[in-house]
Engineer: 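Questions regarding the structure given below will be posed in turn.
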Amino acid sequence: MLGVFLVYYAYNQFTPEQITEMKSYFATANYGYIGLSLLFMNVSHASRAYRWKYSLQYLGYQSNFWNNFMAISVGYLLNLTIPRSGELSRAAVLQKYDKIPFDKGFGTIIAERIIDLIFLLLFVATALLLHYKQLMGFITQHIPVKQLVVIGGVFVISAIVGLYLLYTSNWKIFVFIRKKITGLVEGMLSIFKMPHRIPFLIHTFVIWFGFVLTFYFGTKALPETSEISLGIIMVAFVVGSLAISFTNGGFGAFPLLIAKILALYGVALTAGTAFGWLLWTTQTVATVILGGLSFLLLPVVNKEKLS
């Protein structure tokens, strides 16, 4: 619902003439650069699939690269509907096709997300160093920091109460959850104990470098954004990443926030909005296609395992 509201809000900002102008950007965009952008998006996905095997191997489970890749593709597809539901589906896919216990598989995914969050925060810190005044002003104006703090406080209090009940109550449901948490924690700690930590970190760099190149080549698709500096690209990339993190795949939020941050650096609002929608739409279409194909191919590729 938030995404629909943001689309409606953004649409009503423009006159019919401006909407026609934005459509012209789509018609004249250099889709060769969009192709390169999508290529590096998939390089990131492939590296994420390969990285996943290291933590699973440490737990004593062998996972197939293509199963990992397709599980991740299905996960990204589901994230477009319910935020973070893709993490659950990833673990469910490997439980079904590679017989990896859900709790342990999900634990490795949580550990991955912690590492990825650290990298995102490093990008945020870099962007702040490069453009502190603009980025802080933008965050203060467009991101509801106070509301997020309140929500975070409620979450922390709820977590404390939940953990107290979890470890003190003898109710069957809490006893069951305690058993499952053992496997979850084992999966989370796998990253810090496994012998392949260096290759894991290398793939993490590849994943995030691929994300940056995905955004970089996207900017080259329109003349109005093709000449912006690397520093501005880094700031816009951080804003876009935050938009995707806080919504279901960035629907509505990504184009709106990208347009507003680029406007601070002299990019026309119509051009910035068109760029945001061009990048978001092409990536979303690719995500839907890959996720849909993966959903259909998983049972075919693993036919022998299911028989």
Engineer: Could you walk me through whether Phe254 and Trp277 pass the side chain to side chain contact (heavy atoms under 4.5 Å, CB included) check?
Structural biologist: CA-CA 8 Å; Phe254 183 88; Trp277 276 112; over 6 Å; no
Engineer: Return the NZ to NE2 distance between Lys53 and His196, rounded to the nearest 0.5 Å.
Structural biologist: 7.5 Å
Engineer: Before we go on, tell me: are the rings of Tyr216 and Tyr33 under 6.0 Å apart, centre to centre?
Structural biologist: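 Centroid distance Tyr216-Tyr33: not below 6.0 Å, so no.
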Engineer: Treating Ile, Leu, Val, Met, Phe, Trp and Tyr as nodes and any side-chain heavy-atom pair under 4.5 angstrom as an edge, say whether Tyr61 and Val301 lie in one connected cluster.
Structural biologist: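 Yes; Val301 is reachable from Tyr61 via cluster members.
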Engineer: Rounded to the nearest 0.5 Å, what separates atom CD1 in Ile207 from atom OG in Ser44?
Structural biologist: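 It is 7.0 Å, given to the nearest 0.5 Å.
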Engineer: Roughly how far apart are Leu36 CG and Leu38 CG, rounded to 0.5 Å?
Structural biologist: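 Going from the CG atom of Leu36 to the CG atom of Leu38 covers 9.0 Å.
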Engineer: Going through the distances and angles, do Asn30 and Leu222 end up as a side chain to side chain contact (heavy atoms under 4.5 Å, CB included)?
Structural biologist: CA-CA 7 Å; Asn30 187 328; Leu222 297 180; over 6 Å; no
Engineer: Treating Ile, Leu, Val, Met, Phe, Trp and Tyr as nodes and any side-chain heavy-atom pair under 4.5 angstrom as an edge, say whether Val238 and Leu257 lie in one connected cluster.
Structural biologist: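 Cluster IDs for Val238 and Leu257 match.
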Engineer: Indicate yes or no: at least one non-hydrogen side-chain atom of Leu262 is less than 4.5 angstrom from one of Thr225.
Structural biologist: yes
Engineer: Can you spot which of Val74, Ile72, Leu77 makes a side chain to side chain contact (heavy atoms under 4.5 Å, CB included) with Ser294?
Structural biologist: Val74
Engineer: Any side-chain heavy atom of Leu120 sitting closer than 4.5 Å to one from Asp116?
Structural biologist: no
Engineer: Taking all heavy atoms of Leu279 and all of Ser37, pick out the closest pair and write down the distance.
Structural biologist: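 Shortest heavy-atom contact: CD1-OG, 3.6 Å.
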Engineer: Could you walk me through whether Ser226 and Thr219 satisfy the side chain to side chain contact (heavy atoms under 4.5 Å, CB included) test, starting with their C-alpha distance in whole Å, then the side-chain angles of each, then the deciding distance to 0.1 Å, before giving a yes or no?
Structural biologist: CA-CA 5 Å; Ser226 63; Thr219 65; over 6 Å; no
Engineer: How far apart are the C-alpha atoms of Gln283 and Thr214, what are their side-chain angles, what is the distance that settles it, and do they pass the side chain to side chain contact (heavy atoms under 4.5 Å, CB included) test?
Structural biologist: CA-CA 9 Å; Gln283 288 186 16; Thr214 297; 3.0 Å; yes
Engineer: Rounded to the nearest 0.5 Å, what separation is found between the CZ atom of Phe211 and the CZ atom of Phe215?
Structural biologist: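 Phe211 CZ to Phe215 CZ: 13.5 Å, rounded to 0.5 Å.
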Engineer: Under a 3.5 Å distance rule, please check whether Thr108 uses its side chain to pair with a backbone N or O of Gly105 as donor and acceptor.
Structural biologist: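 Judged by distance alone, yes, a pair lies under 3.5 Å.
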Engineer: Determine the minimum heavy-atom distance between Asn302 and Tyr97, stating which atoms define it.
Structural biologist: CB-CD2, 3.4 Å
Engineer: Taking the six-membered ring for Trp, is the centroid-to-centroid distance between Phe217 and Phe40 below 6.0 Å?
Structural biologist: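 Between Phe217 and Phe40, the centre distance is under 6.0 Å.
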Engineer: Do Leu94 and Leu297 belong together in a cluster built from hydrophobic side chains that touch within less than 4.5 Å?
Structural biologist: yes
Engineer: Would you find more than 12 non-hydrogen atoms of other residues, nucleotides or ligands less than 6.0 Å from Phe205 atom CZ?
Structural biologist: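 No.
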Engineer: What about Leu256 and Leu80, same hydrophobic cluster or not, with Ile/Leu/Val/Met/Phe/Trp/Tyr joined at side-chain heavy-atom distances under 4.5 Å?
Structural biologist: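 In one cluster: no.
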Engineer: Please tell me if the side chains of Tyr58 and Pro195 come closer than 4.5 Å, counting only heavy atoms from C-beta onward.
Structural biologist: yes
Engineer: Which atom pair, heavy atoms only, marks the closest approach of Ile258 to Ala236?
Structural biologist: CD1-O, 3.3 Å
Engineer: State whether the number of non-hydrogen atoms from other residues, nucleotides or ligands found under 6.0 Å of Tyr31 atom OH is greater than 12.
Structural biologist: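 Above 12, so yes.
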Engineer: Ala91 and Ile109: which non-hydrogen atoms are nearest, and at how many Å?
Structural biologist: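 Heavy atoms only, the tightest pair is N-CD1, 3.7 Å.
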Engineer: Does Phe106 have its ring centroid less than 6.0 Å away from the ring centroid of Phe102?
Structural biologist: yes
Engineer: Mark yes when over 12 heavy atoms from residues, nucleotides or ligands other than Phe295 sit less than 6.0 Å from its CZ; otherwise mark no.
Structural biologist: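 No, not enclosed.
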Engineer: Of the non-hydrogen atoms in Glu224 and Val267, which two are nearest, and what is the gap between them?
Structural biologist: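 Of all heavy-atom pairs spanning Glu224 and Val267, the closest is O-CG2, 4.0 Å.
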Engineer: Leu278 and Ala29: which non-hydrogen atoms are nearest, and at how many Å?
Structural biologist: CD2-CB, 3.8 Å
Engineer: Can you confirm whether Lys303 sits close enough to Val300 that some side-chain heavy atom of one is under 4.5 Å from a side-chain heavy atom of the other?
Structural biologist: no
Engineer: Are Val288 and Leu293 connected in the hydrophobic side-chain network, where two residues link if heavy atoms are under 4.5 Å apart?
Structural biologist: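 Unlinked, Val288 and Leu293 end up in two clusters.
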Engineer: Would you call Ile244 and Trp280 a side-chain contact if the rule is heavy atoms closer than 4.5 Å?
Structural biologist: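 No, every pair of side-chain atoms sits at 4.5 Å or beyond.
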Engineer: Looking at Lys220 and Glu227, does any basic side-chain N land under 4.0 Å from a carboxylate oxygen?
Structural biologist: no
Engineer: For Leu290, enumerate each residue passing the side-chain contact (heavy atoms from CB on, under 4.5 Å) test, keeping only those at least two apart in sequence or located in another chain.
Structural biologist: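 Scan of Leu290 (side-chain contact (heavy atoms from CB on, under 4.5 Å), adjacent residues dropped) gives Asn42, Phe69, Ser73.
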Engineer: Ignoring hydrogens and angles, state whether a donor on the side chain of Asn64 or Asp98 is under 3.5 Å from an acceptor on the partner side chain.
Structural biologist: no
Engineer: Do Glu112 and Phe200 touch side chain to side chain, with heavy atoms closer than 4.5 Å?
Structural biologist: yes
Engineer: As an exercise, state the distance from OH of Tyr54 to NE2 of His203, rounded to the nearest 0.5 Å.
Structural biologist: 4.0 Å
Engineer: By side chain to side chain donor-acceptor pair (under 3.5 Å), which residues pair with His45, not counting sequence neighbours?
Structural biologist: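 Here no residue qualifies.
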Engineer: Go through the steps to decide whether Tyr76 and Arg48 satisfy the test side-chain hydrogen bond (donor to acceptor under 3.5 Å, both in side chains), and finish with yes or no.
Structural biologist: CA-CA 12 Å; Tyr76 278 122; Arg48 185 181 293 279; 3.2 Å; yes
Engineer: Can you confirm whether more than 12 heavy atoms, excluding those of Tyr50, are under 6.0 Å from its OH atom?
Structural biologist: no
Engineer: At what distance, to the nearest 0.5 angstrom, does OG1 of Thr281 lie from CD1 of Ile34?
Structural biologist: 9.5 Å
Engineer: Check side chain to side chain donor-acceptor pair (under 3.5 Å) between Ser63 and all other residues, then give those that pass, not counting sequence neighbours.
Structural biologist: Asn68
